[in-house]
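Right, one structure below, let's go through it.
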Amino acid sequence: MCGIVGYIGSKDAAELLLNGLQRLEYRGYDSAGIAVLNGGLSVLKQKGSVSELEKALKNSGQSEQSIHEATAGIGHTRWATHGDPSDRNAHPHLSADGGIALIHNGIIENYSAIKKELISKGYHFSSDTDSEALVHLIDSIWSDKPEIGLEAAVRAALYHVEGAYGLCIISQQEPDKIVVARKGSPLVIGIGEGEYFIASDAAPIVEHTKKVIYLSDGEMAVVTRDGYVIKTIENITQEKHISELDFDLAKIEKGGFEHFMLKEIYEQPTVLQDVMRGRVRLDEGQVRLGGIEDYLDRLKLSSRVIICACGTSWHAGLIGEYLIEEFARIPVEVDYASEFRYRNPVITKDDVVIVISQSGETADTLAALRLAREKGALVMGICNVVGSTIARETLCGIYTHAGPEIGVASTKAFTAQVTVLYLLALTLSKGRTMSREEIKLYLKELNGVPEKVERILKQDDMILEIAEDYKDARNFLYLGRGYNFPVALEGALKLKEISYIHAEGYPAAEMKHGPIALIDEDMPVIFIATRDNSYAKVLSNIEEVRSRKGKVIAIANEGDEEIGRLADHVIYIPAASAPVTPLLSVIPLQLLAYHIATFRGCNVDRPRNLAKSVTVE
Ligand code: F6R
């Protein structure tokens with residue numbers, strides 16, 4: 001949520017900041033702004049996209065030149081929490097004399113109290129944001145004791161703050177530094193040659209340098225052209241490890257596709273191979289998951305697995321439940337991370353809690369992780385973003401290796417998560433519930449999935465035609481059973497989040513218990529009707545929908561002629577056993593949602609109100 005970028009060096013800071021903001025726009029796109037140090041402190045901010053901000057800069061004539069002279073500055077792209085998306089609520093926020101600029105990602109929970117006190121001291125507020133309170137607080141502390149300097153003023157202000165923040169602050173009084181601080185909202189420092197970058201994730205940094213430092217919660221840094229000093233908020237100096245980014249620029253560009261989402265859907269065959277690479281030994285029937293090896297015995301002995309996640313990752317978790325219970329016979333519960341932490345759950349030292357998160361930064365998932373750790377459970381992570389907070393705070397874990405996912409709607413991260421869960425379930429089953437020969441067969445089948453996904457992608461034109469027929473529908477129902485039930489949920493989520501069509505996912509058999517009342521000639525129903533043990537029952541459900549004049553779009557296995565007679569449209573996927581089916585059945589649903597959304601003129605990569613990484617509760 002909210003993208004943060006900072007630069008200090010010798011190059012045109014404004015240009016670097018705007019470019020960085022473009023790369024971060026998937027984190028929030030209500031408004032954007034930059035502040036640069038060019039002798040004074042110049043600010044440009046407004047409602048709307050980064051490209052609109054760029055245009056505004058070009059139209060600003062004389063001041064444009066002086067802005068481009070700056071070699072240090074900060075930039076922000078906003079996902080609104082407090083205050084509507086507007087020019088006045090856009091970041092950076094300024095102190096009353098315009099001498100300090102601040103950008104903030106997160107929520108200052110006690111901002112009302114801080115604001116009230118500052119107003120009583122004569123401060124005026126020009127926005128509705130919680131963030132503005134902080135810049136005035138810093139200003140107030142610094143004005144009272146001018147000798148302490150910016151860093152100490154920020155530190156003192158943070159003692160008063162409750163809530164979450166990723167912050168960058170600059171001041172024209174100390175123009176050769178950027179002060180940054182983190183609690184609950186990620187920040188990365190990129191180390192270049194005589195230049196430094198700051199960002200809320202590595203996307204805007206990777207084209208400049210691969211050397212990065214991930215700040216931890218409770219840390220501050222002062223970044224200058226000569227280096228950086230990292231301390232805790234309590235002023236204790238920290239030695240930090242420099243990490244190497246493991247992706248390049250091509251991974252965060254569209255590569256000829258119209259949208260990131262489409263590119264990411266098409267990347268899935270490669271991604272699934274990447275998930276397996278180095279981990280699967282087909283001929284030996286072996287899986288090697290380095291990140292959990294040291295804890296394997298403990299994992300296998302656990303009395304229960306609890307999976308916590310949000311959104312699409314939660315859907316992957318549901319499939320994980322089916323996989324782990326079927327393969328390893330360990331009981332599994334799946335919780336929304338946001339519910340888990342607030343319902344006083346029973347967690348024991350014998351439990352394993354698996355948190356799943358693409359971004360590794362989701363606030364609710366992180367809070368669930370911390371709660372589980374506090375209660376003594378073994379906490380394991382399944383994350384995509386290397387070095388993310390969740391990846392660092394879990395005791396052990398498995399990276400999904402899906403590469404950066406930029407489209408706000410998650411696609412390749414989902415199939416990568418499911419693949420990891422499949423490998424995990426097989427690993428847990430080894431020596432307990434499955435023989436090596438059985439594992440070998442399951443691995444062989446998984447190994448064939450990328451090629452099957454390729455085959456499904458080849459039907460894209462046909463799926464596009466179906467999308468055109470249904471682009472004006474107002475509601476959709478998605479039904480599936482067994483492993484396809486979470487896929488139905490995921491298909492419905494994809495459609496609603498990018499096309500704004502109301503869609504519900506249900507277990508097919510539950511239709512009779514309520515949703516059937518909705519069926520009429522205007523209700524398209526998507527059935528995932530692959531040949532598994534509930535196939536015959538799902539066919540009966542299709543009949544029930546047809547007899548109420550509902551339109552049926554079926555996802556079925558190749559060669560299934562019967563379904564061709566029942567459904568209005570059929571999208572065929574290759575035959576597969578039930579546990580690998582979600583990796584195939586979800587692909588047409590991703591494409592269908594994508595095409596319906598583009599027919600409706602929606603911005604699929606940046607759906608309204610959403611942000612890629614939900615770092616607030
Ligand atoms: C949907 C989507 C969201 C995320 C959810 C969790 O397409 O992307 O529902 O899945 O916000 O995010 P992560 O996986 O980053 O924790």
Side-chain angles (χ1 to χ4, degrees), residues 1-2 26-28 79 184-186 200-201 203 259-262 264-265 268 307-320 334-341 353-370 381-394 397-418 420-421 478 486-500 503 505 586-587 589-594 597 602-617:
M1 253 159 202
C2 297
Y26 64 99
R27 296 183 72 101
W79 185 87
S185 288
S200 40
D201 67 52
H259 295 100
F260 280 111
M261 183 181 175
L262 192 61
E264 287 157 5
I265 291 173
Q268 287 174 109
I307 299 179
C308 288
C310 301
T312 288
S313 298
W314 182 78
H315 297 156
L318 288 178
I319 297 171
V334 187
D335 250 305
Y336 284 115
S338 54
E339 288 299 312
F340 179 73
R341 59 175 302 217
V353 173
I354 303 179
V355 287
I356 307 178
S357 175
Q358 186 286 127
S359 62
E361 303 293 348
T362 300
D364 285 318
T365 311
L366 186 56
L369 176 174
R370 287 175 179 162
I382 297 179
C383 287
N384 192 36
V385 176
V386 176
S388 57
T389 311
I390 291 177
R392 283 182 294 132
E393 291 202 14
T394 39
I398 311 170
Y399 279 120
T400 46
H401 294 323
E405 191 178 63
I406 308 287
V408 166
S410 190
T411 52
K412 63 175 181 172
F414 173 77
T415 43
Q417 287 164 345
V418 173
V420 162
L421 286 159
Y478 285 69
V487 176
L489 296 179
E490 176 59 8
L493 177 63
K494 285 295 84 96
L495 185 73
K496 72 183 129 194
E497 68 182 330
I498 59 171
S499 74
Y500 320 137
V586 77
I587 309 290
L589 303 186
Q590 295 170 343
L591 285 169
L592 189 68
Y594 171 80
C602 301
N603 185 343
V604 293
D605 280 339
R606 290 184 216 149
R608 70 183 180 208
N609 305 336
L610 292 174
K612 185 71 186 156
S613 171
V614 185
T615 53
V616 295
E617 285 184 44

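Note that the coordinates shown come from a computational prediction; the quantities given were computed from them, not determined experimentally. Start at 1 and go down the list; that is how both ligands and their atoms are numbered.
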Would you check if [X] and [Y] make a side-chain contact, meaning some heavy-atom pair closer than 4.5 Å?
X      : Y      : result
Glu393 : Leu366 : yes
Asp364 : Tyr336 : no
Ser499 : Lys494 : no
Leu421 : Ile319 : no

Practice task
Using non-hydrogen atoms of the residue, decide whether Val385 is closer than 4.0 angstrom to ligand 1.
Solution key: no
Exercise for the section: Consider ligand 1: state whether an atom of it lies below 4.0 angstrom from any non-hydrogen atom of Glu361. Expected result: no
Can you tell me how far apart [atom1] ([X]) and [atom2] ([Y]) are? Round to the nearest 0.5 Å.
X      : Y      : atom1 : atom2 : answer
Leu610 : Asp605 : CG    : CG    : 12.0 Å
Leu369 : Phe340 : CG    : CZ    : 9.5 Å
Gln358 : Ile356 : CD    : CD1   : 12.5 Å

What protein heavy atom sits nearest [atom], and how far away is it?
atom                    : value
atom 13 (P) of ligand 1 : Thr362 OG1, 3.2 Å
atom 6 (C) of ligand 1  : Cys310 O, 3.3 Å
atom 11 (O) of ligand 1 : Val614 CG2, 4.0 Å
atom 2 (C) of ligand 1  : Thr312 OG1, 3.8 Å

Handout entry: For Tyr594, all residues meeting ring-ring contact (aromatic ring centres under 6.0 Å, His included), sequence neighbours excluded
Key = His259
Exercise for the section: Could you tell me which residues satisfy ring-ring contact (aromatic ring centres under 6.0 Å, His included) with Tyr399, sequence neighbours excluded, listed by chain and number? Expected result: none
Within a distance under 4.0 Å of any heavy atom of [X], pick out the atoms of ligand 1 and give their elements.
X      : result
Gly311 : 9 (O), 10 (O)
Ser357 : 13 (P), 14 (O), 15 (O), 16 (O)
Ala409 : 7 (O)
Lys494 : 1 (C), 7 (O)

Exercise for the section: Please say whether Gln358 places an N or O atom under 3.5 Å from an N or O atom belonging to ligand 1. Expected result: yes
Exercise for the section: Decide whether an N or O pair under 3.5 Å exists between Thr365 and ligand 1. Expected result: no
Fill in the blank from the handout: At under 4.0 Å between heavy atoms, what of Glu497 touches ligand 1? The answer is side chain
